[in-house]
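Report on the following structure.
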Amino acid sequence: MGLSEEHAQALAATGRLVDGVKLDQLDAPTPCDGWSVRELLNHVVSGNFWVGELVAGRTIDEVGDKYDGDVIGADPAAAYRDSALVAGPAFQEPGAMERPVAVSYGPVPGSVYAGHRLIDVLIHGWDLAVGTGQDATLDPALVEACWAVVEPQLDELGGSGAFGTAVEVPADANLQTRLLAALGRQG
């Protein structure tokens with residue numbers, strides 16, 4: 001299975017967790033420091049919409065503020081589904097993984113962006129599960145795929161400010177625990 005398929009599977013897995021979010025949980029805190037469930041959902045949904053724009057060759061300036069603010073509205077699950085229908089197929093277009101994508105830290109090949117989106121979608125899915133009291137066990141195959149992206153970039157990701165400070169875990173901790181700890185989460 002390739003990165004675009006793993007990203008699509010992470011979108012689906014997180015979508016199931018989004019479906020489990022109750023509207024009265026939107027103000028609940030998440031493990032993502034300072035973000036409520038609503039703020040986290042807005043981040044993930046807008047990020048998914050950005051994938052379609054950037055992979056299609058648009059620049060950040062061209063997209064502008066189109067996805068700023070509240071993009072989930074009154075139906076977060078529908079907003080997430082709509083955004084996943086944009087993000088998943090974008091990386092599966094012919095040439096998408098090789099084409100340069102003008103992200104804020106780029107341009108980078110689509111494969112690099114897809115890897116970062118895999119991390120974002122999967123880990124924030126875990127954040128949502130924890131914040132809403134759902135089962136936070138991640139698909140082991142997706143954990144392995146995410147670890148394959150994270151491990152060679154541990155120093156860069158840790159210094160990016162996008163994730164929390166790495167958490168110490170026992171050497172024999174399972175891969176999900178090690179992945180979460182590397183990204184500043186205790187799981």
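The ring-ring contact (aromatic ring centres under 6.0 Å, His included) analysis of residues 9-36, with sequence neighbours excluded, yields the pairs W35-H43, W35-H124. Among residue pairs with one or both ends in residues 167-187, none qualify as ring-ring contact (aromatic ring centres under 6.0 Å, His included); sequence neighbours excluded.
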Evaluate side chain to side chain contact (heavy atoms under 4.5 Å, CB included) for L154 paired with V150, printing each intermediate quantity in order. CA-CA 6 Å; L154 282 172; V150 168; 3.6 Å; yes

Can you list the steps and then say if Q176 with W126 is a side chain to side chain contact (heavy atoms under 4.5 Å, CB included)? CA-CA 10 Å; Q176 176 173 318; W126 181 86; 3.7 Å; yes

Does the pair N48 and Y80 meet the rule for a side chain to side chain contact (heavy atoms under 4.5 Å, CB included), with working shown? CA-CA 8 Å; N48 287 342; Y80 182 86; 3.6 Å; yes

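Side chain to side chain, H116 and Q153 meet the donor-acceptor criterion of an N or O pair below 3.5 Å. In this model, a donor atom of one side chain and an acceptor atom of the other lie less than 3.5 Å apart for D135 and T137.
By the 4.0 Å N-to-carboxylate-O rule, E93 lies too far from R99 to be salt-bridged with it. By the 4.0 Å N-to-carboxylate-O rule, R16 lies too far from D19 to be salt-bridged with it.
T132 contributes a side-chain N or O that, together with a main-chain N or O of L128, makes up a donor-acceptor pair within less than 3.5 Å. The backbone N or O of R58 sits nowhere less than 3.5 Å from a side-chain atom of E53 that would complete a donor-acceptor pair. Judged by distance alone, with hydrogens and angles left aside, the side-chain atoms of Q25 form a donor-acceptor pair with the main-chain N or O of K22 at under 3.5 Å.
No side-chain heavy atom of V51 sits under 4.5 Å from any side-chain heavy atom of V86. Considering only heavy atoms from C-beta on, V45 stays 4.5 Å or farther from Y67 through its side chain. The shortest distance between side-chain heavy atoms of V18 and L41 falls below 4.5 Å. Between Q92 and S4 there is a side-chain heavy-atom pair separated by less than 4.5 Å. Taking 4.5 Å as the limit, every side-chain heavy atom of P100 sits out of range of all side-chain heavy atoms of V108. You'll find the side chain of V167 stays beyond 4.5 Å of the side chain of L183, heavy atoms only. Residues W50 and I60 have side chains in contact (heavy-atom distance under 4.5 Å, counting atoms from C-beta outward). Under the 4.5 Å side-chain criterion, counting only non-hydrogen atoms from C-beta, D127 is in contact with R185.
Taken from CD1 in I123 to SG in C146, the straight-line distance is 4.5 Å, to the nearest 0.5 Å. To the nearest 0.5 Å, the span separating CG on D75 from CZ on R81 amounts to 6.0 Å. Taken from CG in L11 to CZ in F91, the straight-line distance is 9.0 Å, to the nearest 0.5 Å. Taken from CD1 in I72 to CD in E39, the straight-line distance is 10.0 Å, to the nearest 0.5 Å. In this structure, the separation between OG1 on T14 and CG on L138 is 8.0 Å, given to the nearest 0.5 Å. Taken from CZ in R117 to NE2 in H7, the straight-line distance is 5.5 Å, to the nearest 0.5 Å.
Among residues two or more places apart in sequence or in another chain, the salt bridge (Lys or Arg N to Asp or Glu O under 4.0 Å) test is passed with D70 by R38.
With hydrophobic clusters built from ILVMFWY side chains whose heavy atoms lie under 4.5 angstrom apart, V55 does not share a cluster with L85. V169 and W147 fall into different hydrophobic clusters, where Ile, Leu, Val, Met, Phe, Trp and Tyr are joined by side-chain heavy atoms under 4.5 Å apart, directly or via other members. Linking Ile, Leu, Val, Met, Phe, Trp and Tyr whenever their side-chain heavy atoms come within less than 4.5 Å leaves L180 and L17 in two separate clusters.
When all heavy atoms of G110 and V101 are compared, the pair lying nearest together is CA-CG2, 3.7 Å. Minimum interatomic distance between V130 and A136 (heavy atoms only, all atoms of both residues): CG2-CB, 3.8 Å. In plain terms, the two heavy atoms of S111 and L3 that are nearest each other are O-CD2, 3.1 Å. Residues A28 and G131 approach most closely at CB-O, 3.9 Å, considering heavy atoms. Contact record, S36 with T30: C-CG2, 3.7 Å, taken as the closest heavy-atom pair.
No more than 12 heavy-atom neighbours from other residues, nucleotides or ligands sit within 6.0 angstrom of CD on Q186.
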